[in-house]
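Below is one structure, written out as structure tokens, with a few remarks after it.
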Amino acid sequence: MAEIAPTDPRYSEVLQFLYREAELLDTERQVEWLDLLAEDITYRMPVRLNIRRNGSSPYTEETDIFSDNLASLKVRVNKLDTEYAWAETPPSRTRHHVSNVRVKETSDPGELDVRSYILVYRNRTDNPAADIFSGERQDVLRKVNGDWRLAKRLIVLDQAVVGARHLAILL
């Protein structure tokens, strides 16, 4: 499908969507973030492969670090406001950096294929160490009632082994 030029108004709309999403996640407004999601969302982070040959996929289709739909994402977000969110008590300080945004049309005129690079910084309590997650997000954005919604997200981290103690944050 055709790549959308930065001069196309849809490109700017996609950028604003991604920046708004990052702001919501970084300011602990995950409940508002849920409003950005389509009802049929798939939200996956597969395990990265170390060996890649002949243009094969950089990740496995058999094993995911997480694989969520709207219901499970709501559970994850709602848990953050309970006493059972031990991994996020107190909450992490995060910063989501989004770059290298590429937007393409799809066969569905109401959807766009969006690829972007992410760098997520996370620090907790008074610990001087930080977790850094680097990777690519492969998204499908869908126009719903005039607004863009995230319909599909595949997160491919650059790390084959995630060294973080937990992934309670949203990437």
Side-chain angles (χ1 to χ4, degrees), residues 13-48 57-99 101-103 106 108 110-124 130-159 161-171:
E13 290 174 14
V14 166
L15 283 180
Q16 291 308 308
F17 178 91
L18 295 173
Y19 295 159
R20 171 91 173 124
E21 178 187 26
E23 177 186 23
L24 290 174
L25 294 174
D26 290 340
T27 56
E28 300 176 42
R29 293 161 46 204
Q30 292 88 347
V31 172
E32 288 179 61
W33 173 81
L34 290 170
D35 293 335
L36 301 179
L37 309 181
E39 293 290 323
D40 61 342
I41 186 168
T42 60
Y43 191 89
R44 294 181 50 221
M45 188 166 73
V47 172
R48 177 88 184 197
S57 175
Y59 57 88
T60 178
E61 287 293 341
E62 287 81 36
T63 308
D64 291 329
I65 295 171
F66 56 77
S67 179
D68 288 310
N69 59 23
L70 186 58
S72 60
L73 286 167
K74 285 181 177 180
V75 168
R76 286 176 64 181
V77 166
N78 291 332
K79 182 180 177 183
L80 294 173
D81 285 333
T82 71
E83 62 192 54
Y84 302 107
W86 57 267
E88 281 299 308
T89 303
S92 295
R93 290 176 297 278
T94 63
R95 190 70 58 211
H96 289 71
H97 300 269
V98 181
S99 67
V101 177
R102 289 102 53 218
V103 182
T106 69
D108 183 334
E111 293 185 344
L112 296 174
D113 177 72
V114 179
R115 306 285 175 116
S116 61
Y117 294 163
I118 58 162
L119 184 68
V120 180
Y121 170 92
R122 174 178 67 186
N123 182 260
R124 295 192 37 75
D131 294 317
I132 297 177
F133 306 95
S134 171
E136 180 181 42
R137 293 192 306 201
Q138 301 170 13
D139 297 338
V140 173
L141 295 186
R142 179 184 305 140
K143 204 65 133 160
V144 177
N145 297 325
D147 294 318
W148 290 109
R149 297 286 182 255
L150 181 62
K152 183 177 182 180
R153 171 159 290 159
L154 179 75
I155 303 163
V156 181
L157 289 183
D158 294 327
Q159 301 102 301
V161 176
V162 179
R165 298 182 81 186
H166 67 82
L167 274 174
I169 63 168
L170 296 159
L171 299 173

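Remark: the Asp113 side chain and the Thr106 side chain contain no N/O donor-acceptor pair separated by less than 3.5 Å.
Remark: the backbone N or O of Leu170 is paired with a side-chain donor or acceptor of His96 at under 3.5 angstrom. Looking only at distances, a side-chain donor or acceptor of Arg124 sits under 3.5 Å from a matching main-chain atom of Pro90. Proximity of a side-chain donor or acceptor of Asn69 to a complementary backbone N or O of Ser72 within less than 3.5 Å is detected.
A salt bridge links Arg153 to Glu21: one of the charged nitrogens lies within less than 4.0 Å of a carboxylate oxygen.
Taking CG from Asp35 and CG from Leu37, the interatomic distance works out to 8.0 Å, rounded to the nearest 0.5 Å. To the nearest 0.5 Å, atoms CG (Leu150) and CZ (Arg137) are separated by 8.0 Å. Atom CD in Glu13 sits 9.5 Å away from atom CG in Asp147 (nearest 0.5 Å). Note: Glu28 CD to Asp81 CG = 9.5 Å, rounded to the nearest 0.5 Å. How far CG of Asp131 is from OG of Ser92: 8.0 Å, rounded to the nearest 0.5 Å. Going from atom CD of Gln30 over to atom CG of Leu80 covers 5.5 Å, rounded to the nearest 0.5 Å.
Counting heavy atoms from C-beta outward, Leu24 and Leu36 have side chains that approach closer than 4.5 Å. Between Lys152 and Leu141 there is no side-chain heavy-atom pair separated by less than 4.5 Å. Residues Ile41 and Asp68 are not in side-chain contact: their nearest non-hydrogen atoms beyond the backbone lie 4.5 Å or more apart. Side-chain atoms of Leu73 and Val75, non-hydrogen and from C-beta on, never get closer than 4.5 Å to each other. Inter-residue side-chain proximity for Asp64 and Met45 is flagged as unmet; no heavy-atom pair is nearer than 4.5 Å. The shortest side-chain heavy-atom distance between Glu23 and Arg20 falls under the 4.5 Å cut-off. Looking at heavy atoms from C-beta onward, Glu32 lies out of side-chain contact with Val77 at the 4.5 angstrom threshold. Between Leu34 and Lys74 the shortest side-chain heavy-atom distance falls below 4.5 Å.
In this structure, Arg149 fails the cation-pi test against Phe17, since its NZ or CZ atom is not both closer than 6.0 Å to the six-membered ring centre and inside 45 degrees of the ring normal.
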Margin query: Between Thr94 and Asp26, is the side-chain contact (heavy atoms from CB on, under 4.5 Å) condition met? List the steps.
Written below: CA-CA 5 Å; Thr94 63; Asp26 290 340; 2.8 Å; yes
Next item on the list: Might you work through the side-chain contact (heavy atoms from CB on, under 4.5 Å) test for Leu154 and Glu136, ending with a clear yes or no?
Entry: CA-CA 8 Å; Leu154 179 75; Glu136 180 181 42; over 6 Å; no
Margin query: Show, in sequence, the C-alpha distance, side-chain angles and deciding distance for Ile65 and Val47, and conclude whether the side-chain contact (heavy atoms from CB on, under 4.5 Å) test is met.
Written below: CA-CA 6 Å; Ile65 295 171; Val47 172; 4.0 Å; yes
Note to self: Does Val114 form a side-chain contact (heavy atoms from CB on, under 4.5 Å) with Leu18? I'd like the steps, not just the answer.
What the structure shows: CA-CA 10 Å; Val114 179; Leu18 295 173; 4.1 Å; yes
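Residue-environment remark: CZ (Arg29) exceeds the threshold of 12 foreign heavy atoms within 6.0 Å. By the neighbour-count criterion of 12 heavy atoms within 6.0 Å, atom NZ of Lys143 is densely surrounded, having more than that number from other residues, nucleotides or ligands.
Between Phe66 and Tyr43, the angle of the ring planes stays under 30°, which puts this pair in the parallel group of the 30/60° scheme.
The two residues Asp158 and Gly135 have their closest heavy-atom pair at OD2-N, 3.6 Å. Counting all heavy atoms, side chain and backbone alike, Ala151 lies closest to Ala38 at CA-CB, 3.8 Å.
The side-chain contact (heavy atoms from CB on, under 4.5 Å) test with Ser116 is passed by exactly one of Val101, Leu15, Val103: Val101.
Checked against the 6.0 Å centroid threshold, Tyr121 and Phe133 do not count as a close aromatic pair.
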